[in-house]
Asks: 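Sharing a structure below in structure tokens format, with a few things to ask.
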Amino acid sequence: YALMLGKALREMGQPKQATYHLLDAVHSRRHRAESCGEMARAASDMGDRAAAGRLARTALGFEPENHQYRLLARQFSDA
């Protein structure tokens, strides 16, 4: 539930609260990449492009063939 709650909070404009739940979700191997991707978006929402870039690259490292994570990492390639 941590991943779903984190995503919902981020989408509702509460990225800081979302991060707490996404950190819980990242401990699950099954949700690790998606949690990192969501944390990247939350970091971006909070204005931290450097953290967003690192998290996006981490998500891509977990799932290198995932097109969404490639786009996300490219979006923050300047950070």
Side-chain angles (χ1 to χ4, degrees):
Y1 293 111
L3 177 60
M4 290 188 310
L5 185 55
K7 287 174 76 170
L9 286 167
R10 189 190 66 77
E11 290 171 1
M12 292 182 344
Q14 298 179 32
K16 188 172 184 174
Q17 292 291 13
T19 301
Y20 297 121
H21 296 284
L22 293 168
L23 283 171
D24 285 339
V26 81
H27 295 293
S28 164
R29 271 186 204 260
R30 182 176 176 196
H31 300 296
R32 191 167 288 160
E34 190 173 1
S35 298
C36 286
E38 284 299 318
M39 284 194 293
R41 292 177 185 97
S44 175
D45 292 347
M46 292 185 285
D48 191 346
R49 289 184 55 78
R54 287 190 303 273
L55 287 160
R57 288 187 294 276
T58 299
L60 183 60
F62 288 127
E63 292 186 17
E65 300 301 319
N66 187 303
H67 183 67
Q68 285 184 351
Y69 301 143
R70 285 182 185 193
L71 291 175
L72 190 62
R74 200 172 309 141
Q75 179 181 348
F76 299 111
S77 63
D78 63 335

Asks: Rounded to the nearest 0.5 Å, how far apart are OH of Y69 and CD of E63?
Replies: 5.0 Å

Asks: First locate atom CG of D48, then atom CE of M39, and finally report the distance between them rounded to the nearest 0.5 Å.
Replies: 12.5 Å

Asks: For a quick test of reading the model, state the closest non-hydrogen atom pair linking A40 to A56 and the distance between them.
Replies: CB-N, 3.7 Å

Asks: For a quick test of reading the model, state the closest non-hydrogen atom pair linking L60 to A73 and the distance between them.
Replies: CD2-CB, 4.0 Å

Asks: Say whether L55 and L72 are linked into one hydrophobic cluster, either directly or through other cluster members, by side-chain heavy-atom distances under 4.5 angstrom.
Replies: no

Asks: Mind listing the closest non-hydrogen atom pair of A42 and P15 along with its distance?
Replies: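 Of all heavy-atom pairs spanning A42 and P15, the closest is O-CB, 3.6 Å.
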
Asks: Which atom names give the shortest non-hydrogen contact between G6 and A18, and what distance separates them?
Replies: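 Closest heavy-atom pair between G6 and A18: O-CB, 3.1 Å.
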
Asks: Is there a side-chain contact between E34 and K7, using heavy atoms and a 4.5 Å cut-off?
Replies: yes

Asks: Might you point out which heavy atoms bring A25 and S35 nearest each other, and give the distance in Å?
Replies: CB-OG, 3.2 Å

Asks: Are side-chain heavy atoms of T19 and M46 found at a separation under 4.5 Å?
Replies: yes

Asks: Taking atom CG of L5 and atom CD of Q17, what is their separation to the nearest 0.5 Å?
Replies: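 That separation rounds to 9.5 Å.
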
Asks: To the nearest 0.5 Å, how far apart are NE2 in H21 and CD in E38?
Replies: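 With rounding to 0.5 Å, NE2 (H21) is 13.5 Å from CD (E38).
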
Asks: Take atom CD in Q68; do more than 12 heavy atoms of anything else shown fall under 6.0 Å from it?
Replies: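 Counting other residues, nucleotides and ligands, CD of Q68 stays at 12 neighbours or fewer.
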
Asks: Mind listing the closest non-hydrogen atom pair of F76 and G53 along with its distance?
Replies: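 Heavy atoms only, the tightest pair is CB-CA, 3.5 Å.
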
Asks: Roughly how far apart are R49 CZ and S77 OG, rounded to 0.5 Å?
Replies: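 Interatomic distance, R49 CZ to S77 OG, rounded to 0.5 Å: 8.0 Å.
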
